[in-house]
Amino acid sequence: MDTTSIKNLFKLKSIPIEPQQEQLPKNESIPGDESFEETRKRTYHESGYRDSSRTNGNHSTLSICLDAVYSKFQNEEKEMVEKQKSLKESYVNEQKNRETEIKALFVSQETKEEQLQSKSTEIENHQHTIETLKAEILDLPRNPEKYNIKATRGASAKFWIGLFLLIPITLYLGTFYISTSYSAFFKSFDAKSTIIQSVLDAQAFSKAWNEGVIEGAFVTLIPFVFLGLGYLIHMFWENKTRTNYIKLGLLFIVTFIFDCILAYEIESKLYELNKTFESPPFDIKIAFTKIQFWGIIFAGFIVYIIWGLVFDFVMKEHREKDKIKNEQEIRLKRIEFFQDKINVLKKEIEEILTGIGNIKETIIKTRGRIEELQNIIDGVIIPTKDYKLYASEYVQGWITFIGEKIAVSRTEKQTMIDDCITTYNTSLEAVGANSDNQNLVYLSSL
């Protein structure tokens, strides 16, 4: 019964009073088959009626009496073992589930900590490997044989010396073949010029281009033919096979013949310029007897061979450098590989640490909930719905006495009833029982 119904029940009720006889509440008579709940309600009603009669329905005293009623209700609920067991059953089951959950959380935390240790160890190993590779990169140029690399420690110096020599030799070949090719095929010799001036013309390049594009292109590109032949010496010499030796021999023969042609043409022009009527026609036999003929051949052919050998040496030294450089690059790539693995592992560790933090937070919350549940299980559960029912019966009995036995005006009586109802509501609020949620329970540790 709620407060509104109590208030409406006693608001304007006319109550007759009989002298020398105390009227009991209507609930006084007990049916033969009265249930425990009805008996209990009647008992609270009678207690309210009796306590009201002792205090003349004073609402201030009602507040103290309601505290006693609540304590009495607590004691009664505590003695109801089966009811308490039934009320606590859901909390006991939840506690068991929480304990199972926390065991699983500990197992999960232990697993993640093992993963964390494993990945941390793996990172340390990778970092050690990276430091070793960095040390090897610095040591490779100094001790290549230590790493089974067939490279000479002085390869770098030899390479630069060979390259330094190769550049002026290349310039010499370019100058020589531009001049000799122009002199052999395009130049008109002057009897007043010396042999050197006739063979090596300082203005051969510009004169050839002035005479025509074909002449200019010929003298410009012909040095590259000999440079190409020198490059082929390196290529054939690099792979020492019988076929390459044959190719190399043929290459020398072809180059020698070409140089002979240049020398023959130049020597022929010089011979024609200086011959007399008694001089025989110029032929190969006469050419072989001329010193300048062999000088032109060897000034180009020998230098061309030297260029090819120096070029081969420079390329070999470059390969020596490349061996070390390649090994260094391999180690750099391995460093990048291990660094990438470390970065991945660090991200995984961050995720594991976050997971461990979440697990620990969940464990703390779960432990807190287990303690709350244990407090509920150890305490007495006060069903608010039941207490509100019996408290309302008590107040109804209290107000019944006011309505039946207090001889005051109707207005005063209604004021007393209103004060009692206000006190009743305040008491419900104080013990947490004045809630719309009928499933709410109030925990009290006794």
Side-chain angles (χ1 to χ4, degrees), residues 105-170 227-228 230-241 243-245 248 306-361:
L105 287 170
F106 275 121
V107 172
S108 178
Q109 180 181 351
E110 184 177 352
T111 301
K112 286 188 175 295
E113 287 175 349
E114 290 176 356
Q115 292 176 351
L116 180 63
Q117 181 62 35
S118 174
K119 292 186 182 297
S120 297
T121 302
E122 193 173 351
I123 284 178
E124 290 178 1
N125 293 336
H126 289 337
Q127 287 176 336
H128 177 72
T129 302
I130 287 174
E131 294 302 321
T132 302
L133 290 171
K134 286 181 178 179
E136 289 179 0
I137 288 172
L138 296 175
D139 191 47
L140 268 169
R142 296 190 293 266
N143 300 297
E145 66 281 353
K146 180 180 177 181
Y147 307 96
N148 297 322
I149 301 173
K150 294 180 180 180
T152 309
R153 279 181 289 181
S156 181
K158 292 179 181 179
F159 169 79
W160 290 112
I161 292 172
L163 186 62
F164 177 78
L165 295 175
L166 189 63
I167 293 173
I169 295 173
T170 303
L227 294 177
Y231 179 76
L232 290 176
I233 290 177
H234 160 70
M235 295 302 296
F236 293 148
W237 191 258
E238 188 175 25
N239 298 318
K240 295 178 176 61
T241 62
T243 303
N244 283 344
Y245 286 144
L248 190 60
I306 293 172
W307 185 92
L309 294 175
V310 173
F311 180 78
D312 181 68
F313 173 79
V314 169
M315 294 304 294
K316 285 181 180 179
E317 293 301 320
H318 188 266
R319 281 200 304 273
E320 296 295 308
K321 287 180 58 181
D322 282 348
K323 288 179 182 178
I324 296 174
K325 185 177 180 181
N326 290 338
E327 287 295 327
Q328 289 176 324
E329 289 178 352
I330 289 171
R331 281 161 176 76
L332 286 173
K333 288 180 180 179
R334 290 185 65 194
I335 288 174
E336 292 178 0
F337 171 75
F338 285 115
Q339 191 61 55
D340 290 341
K341 291 190 71 174
I342 287 174
N343 293 336
V344 172
L345 288 170
K346 285 183 177 179
K347 289 181 180 179
E348 292 177 357
I349 285 176
E350 289 178 2
E351 293 176 357
I352 291 173
L353 288 173
T354 302
I356 291 175
N358 292 337
I359 290 173
K360 288 182 177 179
E361 184 178 352

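Positions are given from 1, in the same order as the sequence printed here.
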*Asks:* How long is the straight-line distance from NZ of Lys112 back to CD of Glu114, given to the nearest 0.5 Å?
*Replies:* 12.0 Å

*Asks:* Answer whether the closest heavy-atom distance between the side chains of Asp340 and Val344 falls below 4.5 Å.
*Replies:* no

*Asks:* Just to verify, what does Phe337 make a side chain to side chain contact (heavy atoms under 4.5 Å, CB included) with, not counting sequence neighbours?
*Replies:* Lys341

*Asks:* Taking His126 as the fixed residue, which of Glu124, His128, Glu122 is the one that meets the side-chain contact (heavy atoms from CB on, under 4.5 Å) rule?
*Replies:* Glu122

*Asks:* Which residues pass the side chain to side chain contact (heavy atoms under 4.5 Å, CB included) test with Gln339, sequence neighbours left out?
*Replies:* Ile130, Ile342, Asn343

*Asks:* Test side-chain contact (heavy atoms from CB on, under 4.5 Å) on Lys360 and Ile356; report intermediate values, then the result.
*Replies:* CA-CA 6 Å; Lys360 288 182 177 179; Ile356 291 175; 3.7 Å; yes

*Asks:* Examine the side chains of Glu131 and Gln127 and answer whether a donor and an acceptor come within less than 3.5 Å of each other.
*Replies:* no

*Asks:* Looking at Gln117, is its backbone amide N or carbonyl O close enough to the side chain of Thr121 to form a donor-acceptor pair, meaning the two atoms are under 3.5 Å apart?
*Replies:* yes

*Asks:* Minimum heavy-atom separation for Leu105 to Ile359, with atom names?
*Replies:* O-CG2, 3.5 Å

*Asks:* Could you give all pairs that pass the side-chain hydrogen bond (donor to acceptor under 3.5 Å, both in side chains) test and reach residues 344-355, with sequence neighbours left out?
*Replies:* Lys119-Glu348

*Asks:* Give, for atom CD1 of Ile335 and atom CG of Leu133, the distance between the pair rounded to the nearest 0.5 Å.
*Replies:* 5.0 Å

